[in-house]
Amino acid sequence: MPDHRDAGGRSPHLSEDEQGQAAEHSTPHALVIHEIVREDGEAALRRPVGALAWSALAAGLSMGFSFLVQAVLAAGMPETAWRHLVAGLGYCTGFVIVILGRQQLFTESTLTVVLPVLMHRDGRTLLTALRLWAVVLAVNVAGTIAFAALLIVPGVFQAEVVHSLQTLAMEAIPDAFWPTVLRAVFAGWLIALMVWLLPSARSARLLTILFISYIVGVSRLSHIIAGSVEAAYAVLTHHASVQDFIARFFAPTLLGNIIGGVSLVAMINHAAVASELEDRHEAGHTKERVADPRA
């Protein structure tokens, strides 16, 4: 059945040029989006470890600005019930820098590199994906710790900003494990969905990043990289321990982000186009056999 979203590109009532214009304004088919995202994942899997590490370090450092800008906005506002709604805009900063700058962020890879694994279904691709995850996660977190260390240098920020930094930092280390996992599931789900939406966003890419990341920030959902800056700051300022960082923030947040990105986005969106991919794959083999009778 034709997809109504791109039917204008095949309309008999339009000239060839007009059909092209209609096709340019249509929403890409889910299969097209799948392949764009998968190709991004394939390219990431082919990158050398050194290139991945440097890109991941840049992403970890960049995500620190989400923490800083939130604190600056909160410090400049009166104590009101809606202050967090405005300060939450600062949370978007790091995501805009990382995604538009094509830096390697762990939560993006819970979608992009999983699609090649689901397509190839072999041990080599799985091991390569796990290697990428390990490198990117470790260096992302190293970047966030380095950024947090810069924030504690005395005299750099006003007392109001320092107070806001401390308040936000402690919010990143909750007491309950499973509620944190669930908040992290929502965060991983949303960030992976954002990556899925970007190929069809076109000129609205910036707005898409702002909208999705704002929801994550204002809802205080748990994101493994953005939250690592806050949690590391709490440890470095002696408001939390390393054990708090690992057990109360890192472990539940990592678990939830992976579940949200892999299970709820990568696997479901892949399943939605898997049969079509298989049909086209078989059709391609049939054409090859017809073209070469010796096959």
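All values derive from a computational prediction rather than experimental measurement.
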Student: State the NE2-CD1 distance between His29 and Ile33, to the nearest 0.5 angstrom.
Tutor: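 Spacing of NE2 (His29) from CD1 (Ile33) equals 9.5 Å.
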Student: Decide yes or no for Asp40 and Glu108: does some side-chain heavy atom of the first lie under 4.5 Å from some side-chain heavy atom of the second?
Tutor: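 No, too far: nothing below the 4.5 Å cut-off.
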Student: Does the side chain of Thr180 come under 3.5 Å of the side chain of Arg183 through a donor N or O and an acceptor N or O?
Tutor: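 Thr180 vs Arg183: donor-acceptor pair found between side chains.
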Student: In Å and rounded to the nearest 0.5 Å, what is the CD1 to CG distance from Ile209 to Leu100?
Tutor: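 Here the interatomic distance stands at 4.0 Å.
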Student: Should the pair Glu230-Arg220 be classified as a salt bridge under the 4.0 Å nitrogen-to-oxygen rule?
Tutor: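 Between Arg220 and Glu230 there is a salt bridge, with a charged N closer than 4.0 Å to a carboxylate O.
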Student: Could you please spell out the steps behind the side chain to side chain contact (heavy atoms under 4.5 Å, CB included) verdict for Thr208 and Arg205?
Tutor: CA-CA 5 Å; Thr208 301; Arg205 285 174 59 85; 5.7 Å; no
Student: Hey, does Ile215 have a side-chain heavy atom less than 4.5 Å from the side chain of Leu190?
Tutor: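 Yes, side chains in contact.
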Student: Given the rule that I, L, V, M, F, W and Y join up when any side-chain heavy atoms are under 4.5 Å apart, are Val96 and Val72 in one cluster?
Tutor: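 Per the 4.5 Å side-chain linkage, Val96 and Val72 are co-clustered.
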Student: Set out, in order, the CA-CA distance, both residues' side-chain angles and the distance that settles side chain to side chain contact (heavy atoms under 4.5 Å, CB included) for Ser241 and Asp244, then state yes or no.
Tutor: CA-CA 5 Å; Ser241 65; Asp244 291 331; 3.1 Å; yes
Student: Give me the atom names and distance for the closest heavy-atom approach of Leu68 to Leu165.
Tutor: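 Nearest heavy atoms, Leu68 then Leu165: CA-CD2, 4.3 Å.
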Student: Roughly how far, to the nearest 0.5 Å, is the OG atom of Ser222 from the CG atom of Asn257?
Tutor: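 Rounded to the nearest 0.5 Å, the CG-OG separation comes to 7.5 Å.
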Student: Between the main-chain N or O of Gly260 and the side-chain N or O of Ser263, is there a donor-acceptor pair closer than 3.5 Å?
Tutor: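 Looks like no, no N/O pair under 3.5 Å.
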Student: Transitively linked via ILVMFWY side-chain contacts under 4.5 Å: Phe249 with Leu255?
Tutor: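 Yes, it is one cluster - the side chains of Phe249 and Leu255 are joined through contacts under 4.5 Å.
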Student: For Arg83, does the CZ atom have more than 12 heavy-atom neighbours from other residues, nucleotides or ligands under 6.0 Å away?
Tutor: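 Count over threshold, so yes.
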Student: To check you understand the geometry: which heavy-atom pair defines the closest contact between Ile173 and Ala234, and what is its length?
Tutor: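 Shortest heavy-atom separation between Ile173 and Ala234 comes out as CD1-CB, 3.8 Å.
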Student: Got a sec: does the CD of Gln158 have more than 12 other heavy atoms crowding it under 6.0 Å?
Tutor: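 No, the 6.0 Å shell around CD holds no more than 12 heavy atoms from other groups.
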Student: Looking at the rings of Phe65 and Phe147, which for Trp means the six-membered one, are their centres under 6.0 Å apart?
Tutor: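 Aromatic pair counts; centres sit under 6.0 Å.
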Student: How far apart are the C-alpha atoms of Trp54 and Gln103, what are their side-chain angles, what is the distance that settles it, and do they pass the side chain to side chain contact (heavy atoms under 4.5 Å, CB included) test?
Tutor: CA-CA 9 Å; Trp54 283 112; Gln103 297 168 358; over 6 Å; no
Student: Are Leu85 and Leu207 joined in one hydrophobic group, where the rule is that I, L, V, M, F, W and Y side chains link up if heavy atoms are under 4.5 Å apart?
Tutor: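 No.
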Student: Which pair of heavy atoms, one from Val114 and one from Ala266, lies closest together, and at what distance?
Tutor: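 What the structure gives for the nearest pair is CG1-CB, 3.7 Å.
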Student: Write down the atom of Ala247, the atom of Pro252, and the distance for their closest heavy-atom approach.
Tutor: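 The pair with the smallest heavy-atom distance is O-CD, 3.4 Å.
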Student: May I ask you to test the Pro179-Leu182 pair for a side-chain heavy-atom distance under 4.5 Å?
Tutor: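 The answer is no; the side chains never approach within 4.5 Å.
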Student: Answer yes or no: is there a donor N or O on one side and an acceptor on the other, between the side chain of Ser66 and the main chain of Gly94, under 3.5 Å?
Tutor: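 Flag set: sc Ser66 to bb Gly94 pair under 3.5 Å.
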Student: To the nearest 0.5 Å, tell me how far Ile225 CD1 sits from Ser62 OG.
Tutor: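 Between Ile225 CD1 and Ser62 OG, I get 12.0 Å after rounding to 0.5 Å.
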Student: Would you mind reporting whether Met63 and Tyr91 have side-chain heavy atoms less than 4.5 Å apart?
Tutor: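 SC-SC contact between Tyr91 and Met63 ruled out.
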Student: Is it possible for you to say whether Val235 and Met170 belong to one hydrophobic cluster, with membership spreading through side-chain heavy-atom contacts below 4.5 Å?
Tutor: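 No; Met170 is not reachable from Val235 via cluster members.
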Student: Applying side-chain contact (heavy atoms from CB on, under 4.5 Å), can you list everything that pairs with Leu236, at least two apart in sequence or on another chain?
Tutor: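 Partners of Leu236 under the side-chain contact (heavy atoms from CB on, under 4.5 Å) test: Ala148, Ala149, Ile152.
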Student: With sequence neighbours left out, write down each residue that passes ring pair (Phe, Tyr, Trp, His ring centres under 6.0 Å) with Phe106, or none if nothing qualifies.
Tutor: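 In terms of ring pair (Phe, Tyr, Trp, His ring centres under 6.0 Å), with neighbours along the sequence ignored, Phe106 is linked to Trp133.
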Student: I'd like to know if Val156 and Leu150 are part of one continuous hydrophobic network [Ile/Leu/Val/Met/Phe/Trp/Tyr, side-chain heavy atoms within less than 4.5 Å].
Tutor: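 No, because Leu150 and Val156 fall into different hydrophobic clusters, even though each may have its own neighbours under 4.5 Å.
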Student: Who are the side-chain contact (heavy atoms from CB on, under 4.5 Å) partners of His120, not counting sequence neighbours?
Tutor: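 Residues passing side-chain contact (heavy atoms from CB on, under 4.5 Å) with His120: Glu42, Pro116, Asp122, Thr125.
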Student: Residues in side-chain contact (heavy atoms from CB on, under 4.5 Å) with Arg121, at least two apart?
Tutor: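 So Arg121 forms a side-chain contact (heavy atoms from CB on, under 4.5 Å) with His270.
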Student: CZ of Arg131 to CG of Leu52: how many Å apart, nearest 0.5 Å?
Tutor: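 Output value for this atom pair is 6.0 Å.
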Student: What is the minimum heavy-atom distance between Leu61 and Ala146, and which atoms define it?
Tutor: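 Leu61 and Ala146 have their closest heavy atoms at CD2-CB, 4.1 Å.
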Student: Would you say that Arg47 contacts Gln104 through its side chain, given a criterion of any heavy-atom pair below 4.5 Å between the two side chains?
Tutor: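 Yes - at least one pair of side-chain heavy atoms lies under 4.5 Å apart.
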Student: Using the ring pair (Phe, Tyr, Trp, His ring centres under 6.0 Å) definition, which of the options Phe186, Phe95, Phe250 pairs with His223?
Tutor: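 Looking at Phe186, Phe95, Phe250, the match for His223 under the ring pair (Phe, Tyr, Trp, His ring centres under 6.0 Å) is Phe95.
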Student: Between Leu57 and Val139, which heavy-atom pair has the shortest distance, and what is it?
Tutor: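 Heavy-atom minimum between the residues: N-CG1, 3.4 Å.
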Student: Side chain to side chain contact (heavy atoms under 4.5 Å, CB included) for His34 and Trp196? Distances and angles first, verdict last.
Tutor: CA-CA 8 Å; His34 179 282; Trp196 184 266; 3.7 Å; yes
Student: Is the CZ atom of Phe211 crowded by more than 12 outside heavy atoms at less than 6.0 Å?
Tutor: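 No, not enclosed.
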Student: Less than 4.5 Å apart, any side-chain heavy atom of Ile99 and any of Met194?
Tutor: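 The answer is yes, as the side chains (C-beta and beyond) meet within the 4.5 Å cut-off.
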Student: Do the non-hydrogen side-chain atoms of Leu132 and Leu45 ever get within less than 4.5 Å of each other?
Tutor: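 The answer is yes, as the side chains (C-beta and beyond) meet within the 4.5 Å cut-off.
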Student: How is the hydrophobic cluster of Ile36 composed, in terms of its other members, when Ile, Leu, Val, Met, Phe, Trp and Tyr link through side-chain heavy atoms under 4.5 Å apart, directly or indirectly?
Tutor: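 ILVMFWY cluster around Ile36 also holds Val32.
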Student: Please check if the side chain of Thr110 supplies one atom and the backbone of Thr107 the other of a donor-acceptor pair under 3.5 Å.
Tutor: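 Side chain of Thr110 to backbone of Thr107, a donor-acceptor pair under 3.5 Å: yes, one is there.
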Student: To the nearest 0.5 Å, tell me how far Glu276 CD sits from Leu31 CG.
Tutor: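 Rounded to the nearest 0.5 Å, the CD-CG separation comes to 4.5 Å.
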Student: With a 4.5 Å heavy-atom cut-off, do Ser228 and Ile145 have their side chains touching?
Tutor: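 Counting from C-beta outward, Ser228 and Ile145 never come under 4.5 Å.
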Student: My understanding is that only residues two or more places apart in sequence, or in another chain, count here; which of them pass side-chain contact (heavy atoms from CB on, under 4.5 Å) with Val162?
Tutor: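 Partners of Val162 under the side-chain contact (heavy atoms from CB on, under 4.5 Å) test: Phe157, Gln166, Tyr233.
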